[in-house]
Peer 1: 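A single structure is presented below for examination.
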Amino acid sequence: MSKPPTLHRNADQFDATRASEAHLAFGRGARFCLGAPLARLEAATVLRLFFERFPDAQLAAQREELPLPQSLISIPVRLRPTTTICSISMRKPAMPTPDPFPTRRLTPSERRLARYVVEGLNAREIASAAQLKLATVNAKLHSMRWKLHCPERCSLAVVAHHLLDAEVVIAPTPQRAAPVLSPERISLLKAVTSYSQSLYIARAANLVTADLPAALDQLLADTGAQNITQLVVLAHGWKLLPAEQAHTTRSGASQ
Ligand code: HEM
């Protein structure tokens, strides 16, 4: 039933080079896809989260321009009325860009954890300092990332930057005077506030990935920071980050 000869010739033969002639959906009959309920659940979850996050998302193409009813590889969408067109793609994701839109209000317990993040504690240390289970801390960090528009699995240094940028926590005034940093160092500083992965940090700072560890070590030495989170906090205290880095609209995150 799921191998109708009208759809594929030699359907019994495995042929990875076969040009797919028509959409099978989940198949039919005895060979009906075993993963269909899971695939449907995943699709429903992804779509629900997408529309929760971008309630104003609109198609950025005429319906006739879409390759329906064949498989969709990418769909041009406008995430918000004023934004440029993005492409929701199933191919390799493009380099993530920081989200300049208002953040959401944190709960009192999230704000308590926010202070530990800015102090440079990792999730385990936060759990022990706040006397919470690690799973609880991870869940709260997950929620904070979402509310602050941080990438889902971004480093705590990036979370710290967003917390300071949204003024959930105010950066302490550093004991030392601000060092004079070259435009290249400022660019690297800005990169570590936005990205967690070496590849993206290097790309944003115009560096070859292999040169990144040495450049970061040098930046830590120049600023006297022990680690990247401390570097981010010091940079905020010294107001070293370029003005456009600050969110244009302050939000409920700090309230
Ligand atoms: C959108 C996602 C998916 C689509 C479009 C899809 C499509 C299909 C199709 C068309 C068939 C039938 C092939 C045939 O007739 O020979 C099939 C079979 C199958 N699929 Fe999926 N599938 C999807 C996701 C999944 C997932 C997530 C799983 C597992 C977790 C899965 C497991 C299977 C298995 C085990 C079979 C073979 C069933 C059998 O021969 O008894 N599929 N799928």
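Just so you know, ligand 1 is whichever comes first in the structure, and atom 1 is the first atom listed for that ligand.
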Peer 1: Would you say R145's side chain and C150's backbone share a donor-acceptor pair under 3.5 angstrom?
Peer 2: no
Peer 1: Number the atoms of ligand 1 from 1 as they appear, then name those within less than 4.0 Å of a heavy atom of F32, with their elements.
Peer 2: 38 (C)
Peer 1: Without swapping roles, check the side chain of H161 against the backbone of A157 for a donor-acceptor pair under 3.5 Å.
Peer 2: no
Peer 1: Return yes if some donor-acceptor pair links the side-chain N/O of S194 with the main-chain N/O of A191 below 3.5 Å, else return no.
Peer 2: no
Peer 1: For the backbone of P183 and the side chain of S187, can you confirm whether one donor and one acceptor N or O come within less than 3.5 Å of each other?
Peer 2: no
Peer 1: May I ask you to check whether R31 has an N/O atom sitting below 3.5 Å from an N/O atom of ligand 1?
Peer 2: yes
Peer 1: Looking only at non-hydrogen atoms, which of A36, A39, C33 approaches atom 21 (Fe) of ligand 1 most closely?
Peer 2: C33
Peer 1: What distance separates L79 CG from R53 CZ, expressed to the nearest 0.5 Å?
Peer 2: 9.0 Å
Peer 1: List ligand 1 atoms under 4.0 Å from G27, heavy atoms only on the residue side.
Peer 2: 10 (C)
Peer 1: My understanding is that we take every heavy atom of each candidate and find the minimum distance to atom 30 (C) of ligand 1. Doing that for L34, L38, L41, which one comes out nearest?
Peer 2: L38
